[in-house]
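Notes follow once the structure below has been shown.
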Number of protein chains: 2
Amino acid sequence: MPRTLDKQARKAQLAEAVWDVITDLGIAAVSVRSVADRAGVVVGSLRHVFPTRTDLVTFSAELMVQRVQQRLAATERTDDPRVDAVEQLRHLLPLTEQTRVEFEVTIALIAESVAEPALTEIRDVAHADLSRLCTELAERLTGRPRDENTERAGRRLHALVDGLAMQLLHQADEVDGEWAVAMVREEVDNLYRTRELGEH
Amino acid sequence: MPRTLDKQARKAQLAEAVWDVITDLGIAAVSVRSVADRAGVVVGSLRHVFPTRTDLVTFSAELMVQRVQQRLAATERTDDPRVDAVEQLRHLLPLTEQTRVEFEVTIALIAESVAEPALTEIRDVAHADLSRLCTELAERLTGRPRDENTERAGRRLHALVDGLAMQLLHQADEVDGEWAVAMVREEVDNLYRTRELGEH
DNA sequence: GCCGCACTAGCACGAGTGTGCTAGAAAGGG
DNA sequence: CCCTTTCTAGCACACTCGTGCTAGTGCGGC
């Protein structure tokens with residue numbers, strides 16, 4: 001086998017360049033040339049890994065979803081389901097530089113998905129996963145099996161987190177966003193309280 | 001004065017063509033040519049009204065915000081603040097073809113605003129207006145003057161509506177979305193209940 | 001009538017786009 | 001050593017883009 005490079009690392013490097021361009025110049029500025037420049041690579045090399053622009057942007061979308069899910073899975077568990085829930089949901093809010101980038105990129109990809117069918121599927125899967133997570137959290141918090149109540153609670157939690165994310169995006173970077181976390185905690189505590197009600 | 005056309009109507013016609021293109025092909029496909037084609041007008045005519053692309057898209061953003069606010073203002077009042085609140089908030093959810101278009105366009109404009117500073121301002125103003133509406137609704141529902149409690153309730157309401165909108169967008173067109181309205185109603189009823197608590 | 005301006009129609013240019021293609025460089029296996 | 005395969009580098013083509021510009025067209029006012 002002749003000279004071979006770490007293809008996964010190269011792909012990740014290019015995907016990160018895509019995110020850079022999106023946050024700096026917007027999704028419209030994402031072209032094979034701009035991304036190659038940003039990654040410090042010539043167009044030919046980029047196209048050796050991603051033959052078309054669609055390949056490039058769909059991969060960066062997939063990697064983004066994957067990264068978020070890894071982070072979600074990596075939050076360690078405690079014996080208090082409330083703490084766990086808040087800790088996981090916190091990772092979905094644009095509170096840090098990283099999560100802020102993630103959210104901006106997500107918005108851009110949603111906007112682009114009208115023209116790029118492959119993105120629609122990625123987005124749908126990610127959304128369904130998030131929805132499932134929220135429902136599971138609701139089950140764990142209330143201590144009840146899945147029924148229409150826990151499902152509704154899960155959807156509500158999901159909506160709250162998405163809406164708070166939207167609001168944090170409109171808020172300047174330096175302003176503190178812990179009020180949003182407090183609001184999530186409140187919702188989580190409310191769900192937990194119904195469990196205590198049932199146990200009594 | 002030589003031959004003169006209704007400039008406002010022409011601008012609106014072109015703005016609607018912009019929305020059409022966004023929902024069909026995505027924001028990336030919005031060009032002076034595609035929009036002129038969609039509106040059944042030659043590029044020269046479009047450019048007589050909107051000299052640059054930026055003028056075109058900022059105006060369509062402004063018109064969109066204006067339309068939504070007109071509809072909000074046009075919802076007639078009853079003597080029950082709960083009914084009023086739900087009726088107004090319903091207009092912010094992508095439940096009909098029209099509101100669905102509005103939401104998709106909003107997403108597209110958010111994505112584009114990274115590259116187009118004028119859009120950022122429009123978006124910020126619209127978001128602040130919506131935030132104010134939600135706070136006012138919270139005040140009216142609880143029957144309390146503005147304080148940190150009603151403000152938090154307003155933010156919560158706002159987040160819920162935005163999040164539900166996001167979820168409805170991911171839901172196929174034909175599926176019923178009244179569950180989201182029910183969730184809004186639930187939240188509104190909860191706020192109203194704290195008023196009864198205070199009155200007792 | 002006919003003058004003047006709002007409007008229509010479209011050409012032209014330079015820049016940027018995605019992608020097909022080819023030629024060279026580099027590195028591991030024989 | 002050389003040979004094969006991966007990767008790099010870049011040219012070329014057809015196309016779209018925004019915008020500057022000019023020539024025509026038709027209507028309202030005099």
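Chain letters run A, B, ... following the sequence lines, proteins first and then strands; every chain starts at 1.
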Taking the side chain as everything from C-beta on, heavy atoms only, tell me whether A/Leu141 gets closer than 4.5 Å to A/Val188.
yes
Which nucleotide in the list C/dT8, D/dC7, C/dG18 gets nearest to the side chain of B/Ser45?
C/dT8
Selected nucleotide, minimal atom distance to B/Val42 side chain, candidates C/dT8, D/dC7, D/dA12:
C/dT8
Let me know the distance between [atom1] of [X] and [atom2] of [N], rounded to the nearest Å.
{"X": "A/Lys11", "N": "D/dT6", "atom1": "NZ", "atom2": "P", "answer": "15 Å"}
{"X": "B/Arg33", "N": "D/dC15", "atom1": "CZ", "atom2": "P", "answer": "14 Å"}
{"X": "A/His48", "N": "C/dA25", "atom1": "NE2", "atom2": "C1'", "answer": "13 Å"}
{"X": "B/Asp55", "N": "D/dG20", "atom1": "CG", "atom2": "P", "answer": "11 Å"}
{"X": "B/Arg53", "N": "C/dG16", "atom1": "CZ", "atom2": "P", "answer": "16 Å"}
{"X": "B/Leu46", "N": "C/dA9", "atom1": "CG", "atom2": "C1'", "answer": "13 Å"}
{"X": "A/Asp37", "N": "C/dG18", "atom1": "CG", "atom2": "P", "answer": "12 Å"}
{"X": "B/Glu112", "N": "D/dC17", "atom1": "CD", "atom2": "P", "answer": "13 Å"}

Could you walk me through whether B/Glu16 and B/Arg67 pass the salt bridge (Lys or Arg N to Asp or Glu O under 4.0 Å) test, one step at a time?
CA-CA 11 Å; B/Glu16 281 162 20; B/Arg67 288 265 172 97; 3.3 Å; yes
Option passing salt bridge (Lys or Arg N to Asp or Glu O under 4.0 Å) with B/Glu139 (candidates B/Arg146, B/Arg195, B/Arg144, B/Arg132)
B/Arg146
Below 4.0 angstrom from OP1 or OP2 of C/dT17, is there any side-chain N or O of A/Ser31?
yes
Are any of A/Arg10's side-chain N or O atoms less than 4.0 Å away from OP1 or OP2 of D/dT8?
yes
Report the relative orientation of the aromatic rings in B/His127 and B/His158; use parallel for angles under 30°, tilted for 30 to 60°, perpendicular for over 60°.
tilted
Under the 3.5 Å rule, do the base of C/dG18 and the side chain of A/Arg47 count as making a donor-acceptor pair?
no
